[in-house]
Amino acid sequence: MSNPASRRIVLASRPTGAPTPSNFRIETQPIPIPVRGQMLLRTVYLSLDPYMRGRMSDAPSYAPPVEIGSVMVGSTVSRVELSRLPDFAVGDWVLNQGGWQDYALSDGKGVFNLGSRLEHPSHALGVLGMPGFTAYMGLLEIGQPKAGETVVVAAATGAVGSVVGQIAKLKGCRAVGVAGGAEKCRYAVQELGFNECLDHRDPELKKLLARGCPKGIDVYFESVGGVVFDAVLPLLNTHARIPLCGMISHYNDSELPPGRDRTAMVMGTFLKRRVRLQGFIIFDDFGSHFGEFQKQMSEWFAAGKIKYREDMVEGLERAPEAFMGLLEGKNFGKLVVHIGAATA
Ligand SMILES: NC(=O)c1ccc[n+]([C@@H]2O[C@H](COP(=O)([O-])OP(=O)(O)OC[C@H]3O[C@@H](n4cnc5c(N)ncnc54)[C@H](OP(=O)(O)O)[C@@H]3O)[C@@H](O)[C@H]2O)c1
């Protein structure tokens, strides 16, 4: 083995508000040795995802927090380096929860063997993995889009949103994206095929969105909250559907926002327009559909019907900075960290 040590990034402290570099610490350890019933996995790609902000906090959630001093959690695409398990051979690519580190030991539970030959291994973290699956089930099962309807997509160029918009187009809908900045909006329209894309930083967002959705909004794929939700709310049609996927503009909030309580106004709108809003946690709620999704998405991707963009960051040591940027919209496409060489 060329690398005599394994680096890992642990949670050093819990953030208040936006995470800072001091919340993370890099440590070096000897490469672990697998015993019988284990294998040694070498991380090649690490996925960085918004949910990790929740794991840094000890507030009650659907999953336990990362303990102080423990490795940051995360999905990884890794290679089997040593195996003492019958179903995994040296050189196999696997999708696992390896976390922010060079090497991980595994007993094989929850590890998905991707085989020894893969054209695009990192795609298992994006369009063909959890984010693509989230887009697919959230839009089709909860959003129930029908041809001719208007679908508005928050964080439209991101890992989830980019796929939502493209599926909406495949289903014959008008897809209107909302994204941060002119370059992302141009990409959403010219490359991904959205009918329009609007910049959420534009002070005229409400007016622009009303103009972009002349027949109102039938499906709003919510990933952001904040000003995007405020612009969407008055435009929701009767019987609109909202797949509630995320609220990223609020993930760093440490207290309620100032101002009047708007709950009654929001709920009143939902009541009068008979809006159906459903939150979901992708694998908890739809895990049994993963095979169906993989088959369909692989076909669409191979046929060029779904485009995919990665924002690839080089080096484990850059993961904290890249993750902090994700919460500010600095990524452009699915954020992935390249940790180690594809071949040893
Ligand atoms: N429910 C589930 O099971 C599930 C599964 C996966 C993901 N999610 C959620 O889906 C959402 C998107 O996740 P992703 O992995 O696809 O991430 P992503 O869209 O690739 O990256 C996050 C994007 O969010 C936008 N953003 C960040 N801070 C913002 C702010 N303060 N205001 C407005 N926009 C902001 C930025 O895009 P712009 O520059 O365009 O603003 C940023 O690029 C997140 O809310 C995530 O938690 C939920």
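Note that ligands are numbered from 1 as they come in the structure, with each ligand's atoms numbered from 1 the same way. Computed from a prediction, not measured in an experiment: that's the story for all the values here.
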### Query
Side chain or backbone of Met130 under 4.0 Å from ligand 1, or both, or neither, by non-hydrogen atoms?
side chain

#### Entry: Exam field: side chain Ser78 to backbone Val94, donor-acceptor pair closer than 3.5 Å
no

### Query
If we only count N/O pairs under 3.5 Å, is Ala179 in contact with ligand 1?
no

### Query
Does Phe88 offer a backbone N or O that forms a donor-acceptor pair with the side chain of Ser83 under 3.5 Å?
yes

### Message
Side chains of Leu105 and Leu40, heavy atoms from C-beta outward: is any pair under 4.5 Å?
### Response
yes

### Query
What is the ring orientation for Phe290 with Phe283, classed by angle as parallel under 30°, tilted 30 to 60°, or perpendicular over 60°?
tilted

### Query
Hey, is ligand 1 close enough to Val160 that some N/O pair sits below 3.5 Å?
yes

### Query
Tell me: protein heavy atom nearest atom 20 (O) of ligand 1, and distance?
Ala159 N, 2.9 Å

### Query
Has Gly226 got any heavy atom lying under 4.0 angstrom from an atom of ligand 1?
no

### Query
To the nearest 0.1 Å, how far is atom 17 (O) of ligand 1 from its closest protein heavy atom, and which atom is that?
Pro50 CG, 3.6 Å

#### Entry: Numbered atoms and elements of ligand 1 in range of Ile281, under 4.0 angstrom, heavy atoms
3 (O)

### Query
When you measure from atom 45 (O) of ligand 1 to every protein heavy atom, which one gives the shortest distance, and what is it?
Ser223 O, 2.9 Å

### Query
ligand 1 versus Asn331, non-hydrogen atoms closer than 4.0 Å: side chain, backbone, both, neither?
both

### Query
What protein heavy atom sits nearest atom 25 (C) of ligand 1, and how far off is it?
Ile248 CG2, 4.0 Å

#### Entry: Atoms of ligand 1 close to Met247 [distance to a heavy atom under 4.0 angstrom, numbered from 1]
45 (O)

### Message
Could you check whether any side-chain N or O of Ser57 sits under 3.5 Å from a backbone N or O of Ala59, counting only pairs where one atom can act as donor and the other as acceptor?
### Response
yes

### Task
Give yes if a backbone or side-chain nitrogen or oxygen of Gly161 is under 3.5 Å from a nitrogen or oxygen of ligand 1, and no if not.
no

### Task
Check each atom of ligand 1 against the heavy atoms of Gly329 and keep those under 4.0 Å away; list them by number with element.
27 (C), 36 (C), 39 (O), 42 (C), 43 (O)

### Query
Going by distance only, is there an N or O of Thr157 that falls short of 3.5 Å from an N or O of ligand 1?
no

### Message
Which option wins on minimum heavy-atom distance to atom 10 (O) of ligand 1: Cys245, Ala156, Gly279?
### Response
Cys245

### Summary
For His200, the ligand 1 atoms with a heavy-atom partner under 4.0 Å come out as 33 (C), 34 (N), 38 (P), 41 (O)

### Message
Just to confirm my output: which protein heavy-atom neighbour is closest to atom 19 (O) of ligand 1, and how far is it?
### Response
Gly158 CA, 3.2 Å

### Summary
Between Glu81 and Val90, the two heavy atoms sitting closest are O-CG2, 3.6 Å

### Task
Would you mind running through ligand 1 and noting each atom that sits below 4.0 Å from a heavy atom of Gly246?
45 (O)

### Query
Between Phe293 and Phe286, is the ring centre distance below 6.0 Å?
no

### Query
When you look at Arg14 and Asp58, which way does the salt bridge (charged side-chain N to carboxylate O under 4.0 Å, His left out) test go after all the steps?
CA-CA 8 Å; Arg14 302 202 185 280; Asp58 58 5; 3.6 Å; yes

### Task
State the atoms of ligand 1, each with its element, that fall below the 4.0 Å cut-off from a heavy-atom position in Leu326.
21 (O), 22 (C), 27 (C), 42 (C)

### Query
Do the charged groups of Lys330 and Asp311 touch, with an N to O distance under 4.0 Å?
no

### Note, Cys173 side chain near Thr150 side chain (heavy atom, < 4.5 Å)
no

#### Entry: Short side-chain to backbone donor-acceptor contact, Lys334 and Leu48, under 3.5 Å
yes

### Summary
Nearest non-hydrogen protein atom to atom 3 (O) of ligand 1, with distance, is Ile282 N, 2.8 Å

### Task
Kindly give the heavy-atom pair with the smallest separation between Arg36 and Arg84, and that separation in Å.
N-NH1, 3.5 Å

### Message
When you compare ligand 1 with Ser249, is there at least one nitrogen or oxygen pair between them that comes in under 3.5 angstrom?
### Response
no

### Aromatic ring proximity Phe301/His123, centre distance under 6.0 Å
yes

### Task
Using a 4.0 Å heavy-atom threshold (strictly under), name the region of Pro131 that reaches ligand 1: side chain, backbone, both or neither.
neither

### Task
May I ask you to decide if Thr157's main-chain N or O and Arg309's side chain share a donor-acceptor pair within less than 3.5 Å?
no

### Task
Could you list the atoms of ligand 1 found under 4.0 angstrom from a heavy atom of Gly180?
38 (P), 39 (O), 40 (O), 41 (O)

### Query
Relative to the ring of Phe229, is the ring of Tyr220 parallel (under 30°), tilted (30 to 60°) or perpendicular (over 60°)?
tilted

#### Entry: Close-contact set for ligand 1 against Phe280 heavy atoms, below 4.0 Å
1 (N), 2 (C), 3 (O)

#### Entry: Contact check: Val224 vs ligand 1, nitrogen or oxygen atoms, below 3.5 angstrom
no

### Message
Taking distance alone, with N or O pairs closer than 3.5 Å, would you say Tyr251 contacts ligand 1?
### Response
yes

### Message
So, regarding Lys184 and ligand 1 (criterion: nitrogen or oxygen to nitrogen or oxygen, under 3.5 Å), is there a contact or not?
### Response
yes

### Query
Is a side-chain donor or acceptor of Arg241 paired with a backbone partner of His239 at a separation under 3.5 angstrom?
yes

### Query
Which bit of Leu327 is near ligand 1, meaning a heavy atom under 4.0 Å away: side chain, backbone, both or neither?
backbone

### Task
Give the minimum heavy-atom separation between Ser106 and Lys109, together with the two atoms involved.
OG-N, 4.5 Å

### Query
Nearest protein heavy atom to atom 5 (C) of ligand 1, by residue and atom, and its distance?
Thr134 OG1, 3.3 Å

